[in-house]
Amino acid sequence: METHKSPLQIARSGYQPKIPLILKGNVALKYGEPTESVADQKEIKSLFPKTYGLPVITFEEGVEVQYPEISVGVILSGGQAPGGHNVIAGLFDGLKKLNPKNKLYGFLDGPSGLVDHKYVELTSEIIDEYRNTGGFDIIGSGRTKLEQEWQFEQGAEICTKLKIKAIVIIGGDDSNTNACVLAEYYAQKNYPIQVIGCPKTIDGDLKNEMIETSFGFDTACKVYSELIGNIQRDASSAKKYWHFIRLMGRSASHITLECALQSQPNITLISEEVEGKNLSLNDIVEYIVKIIVNRANYGVNFGTVLIPEGLIEFIPGMKKLIQELNDLLANNDDFVALNTDDEKRQYIKGMLSHETSQLYRSLPKGIARQLAMDRDPHGNVQVSLIETEKLLIEMVAKRLAQLKAEGVYKGVFSAISHFFGYEGRCAIPSNLDANYTYTLGMVASLLIAEGKTGYMASVKNLTAAPEEWIACGVPLTMLMNMEKRNKKMKPVIQKALVKLDGAPFQYFESHREEWADEKVSYIYPGPIQYFGPTEVCDMPTKTLLIEHGKF
Ligand code: FBP
């Protein structure tokens, strides 16, 4: 027995991912109608003349073709998501199936590996070591933004040197924006380098009619839901704590919504609803307090609150404040030169507009400091570092103390804060994510072999058995629109936020009152199961099931 691996790791390394039936044999491409970008069609078309308007591709049964020998490069980009290793394994196996002489190179530590010419050849020994495992450690990841011509040229140089025909970028919306820009650049220059994207992110916000879900969302949500369930069991056993649980997901609340559907907590905040209803921070506090007081009236002084990590951005006024801060702090050397938090605070106060400056001044110092921390290379505020759950606990406790003094609240409020994010990003991929990612890798290999560029590999019909899944190629330009980044309007892949008129939110909305009630309706999902009956091991997320009318 290998001593550095757990029995589960060993069992998982032998797991053969399931793939759609159509991909088991020879395939031919089937082309749909020309496509349009999701918005701003005129601008996107003029920025991407070579890759705009391509048709969606699906696969049908084909005849055996002798494909010439090729080399391909792969990049893992952005935050980790369970299944990244299997995309690479699927790509590797797909390429070897097309021609056993094909080679796969991994660029190290994200897009910077392409620019700095840091790479490794991925052999079957390396790939076998990482099959069905979590993490991105096979080649590492990074958040370098590819946007400068010299970076594209550096990439072209290494591709020419290694005879690389195509680059696969496995990433979220920002990374696939990189992929789209790179594909267009190489096409305009007539460089023989294709670029293919793969939809990754635990956040679940890279989705649309062609991308049902990004990979990693399923596993991460299952890990967080297990932990939430465990906390709920503890809460209802000990009967003395309110647990405020912030969940990753950046701007979108998909993770929080999915975890709520899986575990049925007492209170769930959805950022998109907060924005839609124009709720202030005080409104949110009053909403939480009302439920706490109500439960206390029944003698129940415990509960769970789920908070999406991006909440703060959606509170009216805050969005404007964050936008102003983004603009103010973008490439601001004066700000960087300041040493203390107080100096930074004073500087910001003086530079903001009157209205936002007032709001900034009213925030607790800790939150104000967190809001001004470094942006990521794409200009996003790093919401994972903003401790909204602690802010809410502080404000709720204060309000409850007032109500206690007025004799309205008779309970005891003791709160514990949690943040679940990194715990789920590298978990061993669920069966769904293991199968889905392996299939994505295989689809990428086929798109490459057929000479396609500017496409994202996609798999649809995910609530059916893998054999019935539908493999596709989706033009990246189809997903683009114009948005403001670092003070300028840029073409980017549109982020999918939670739709308030969507079926998952509506299901949640129609149940949340009963979940808030004193009668405990918690669900304890338990850990991900990898081996066993389908209804235990292979279920997709509740979000997908509800969206497909199967829940
Ligand atoms: P991606 O969008 O790159 O997949 O990253 C998702 C995420 O996990 C967010 O949920 C979170 O806000 C962010 O990454 C954290 O970033 P970092 O890994 O740089 O701390």
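Just so you know, ligand 1 is whichever comes first in the structure, and atom 1 is the first atom listed for that ligand.
- Judged by distance alone, with hydrogens and angles left aside, the side-chain atoms of Tyr52 form a donor-acceptor pair with the main-chain N or O of Ser37 at under 3.5 Å.
- Listed by number with element, the atoms of ligand 1 under 4.0 angstrom from any heavy atom of Gly79 are 1 (P), 3 (O), 4 (O), 5 (O).
- For the residue pair Asp433 and Thr219, a side-chain donor N or O sits within less than 3.5 Å of a side-chain acceptor on the partner.
- If you look at Phe217 next to ligand 1, there are no close heavy atoms at all, none under 4.0 Å.
- Under the 3.5 Å distance criterion, the side-chain polar atoms of Asp205 are left unmatched by any main-chain donor or acceptor of Ala496.
- Not a single heavy atom of Ala81 lies less than 4.0 angstrom from ligand 1.
- Nearest protein neighbour of atom 8 (O) of ligand 1, counting heavy atoms only, is Arg425 NH1, 2.9 Å.
- Using bins of under 30°, 30° to 60° and over 60° for the plane-to-plane angle, the ring pair Tyr524/Tyr522 lands in the perpendicular bin.
- Ring pair Trp469/Tyr436 is perpendicular by interplanar angle, where above 60° counts as perpendicular and below 30° as parallel.
- With ligand atoms numbered from 1 in the order given, ligand 1 contributes 9 (C), 10 (O), 11 (C), 12 (O) to contacts under 4.0 Å with heavy atoms of Glu309.
- Of the N or O atoms in Ile202, none lie within a sub-3.5 Å distance of an N or O in ligand 1.
- Closest protein heavy atom to atom 20 (O) of ligand 1: Tyr422 OH, 2.5 Å.
- Ring geometry for Phe217 against His254 counts as perpendicular: the plane angle is over 60°, on a 0 to 90° scale with 30° as the lower cut.
- Which parts of ligand 1 touch Lys200 is read off a 4.0 Å heavy-atom cut-off, strictly below it: atoms 1 (P), 3 (O), 4 (O).
- Not one N or O of Ser77 is nearer than 3.5 Å to an N or O of ligand 1, by distance alone.
- The closest side-chain donor-acceptor pair between Glu258 and Gln262 falls under 3.5 angstrom.
- When the options Gln80, Arg143, Met248 are ranked by their closest heavy atom to atom 5 (O) of ligand 1, first place goes to Arg143.
- Atom numbering of ligand 1 starts at 1 in the shown order; those under 4.0 Å from a heavy atom of Gly78 are 3 (O).
- Of the polar atoms of Asp203, at least one N or O is found under 3.5 Å from an N or O of ligand 1, judged by distance alone.
- Counting heavy atoms under 4.0 Å from ligand 1, residue Thr201 touches it through both backbone and side chain.
- Aromatic ring orientation, Tyr185 versus Phe152: tilted (interplanar angle from 30° to 60°).
- Ring orientation note: the planes of Tyr119 and Phe107 are nearly perpendicular, at an angle over 60° on the 30°/60° scale.
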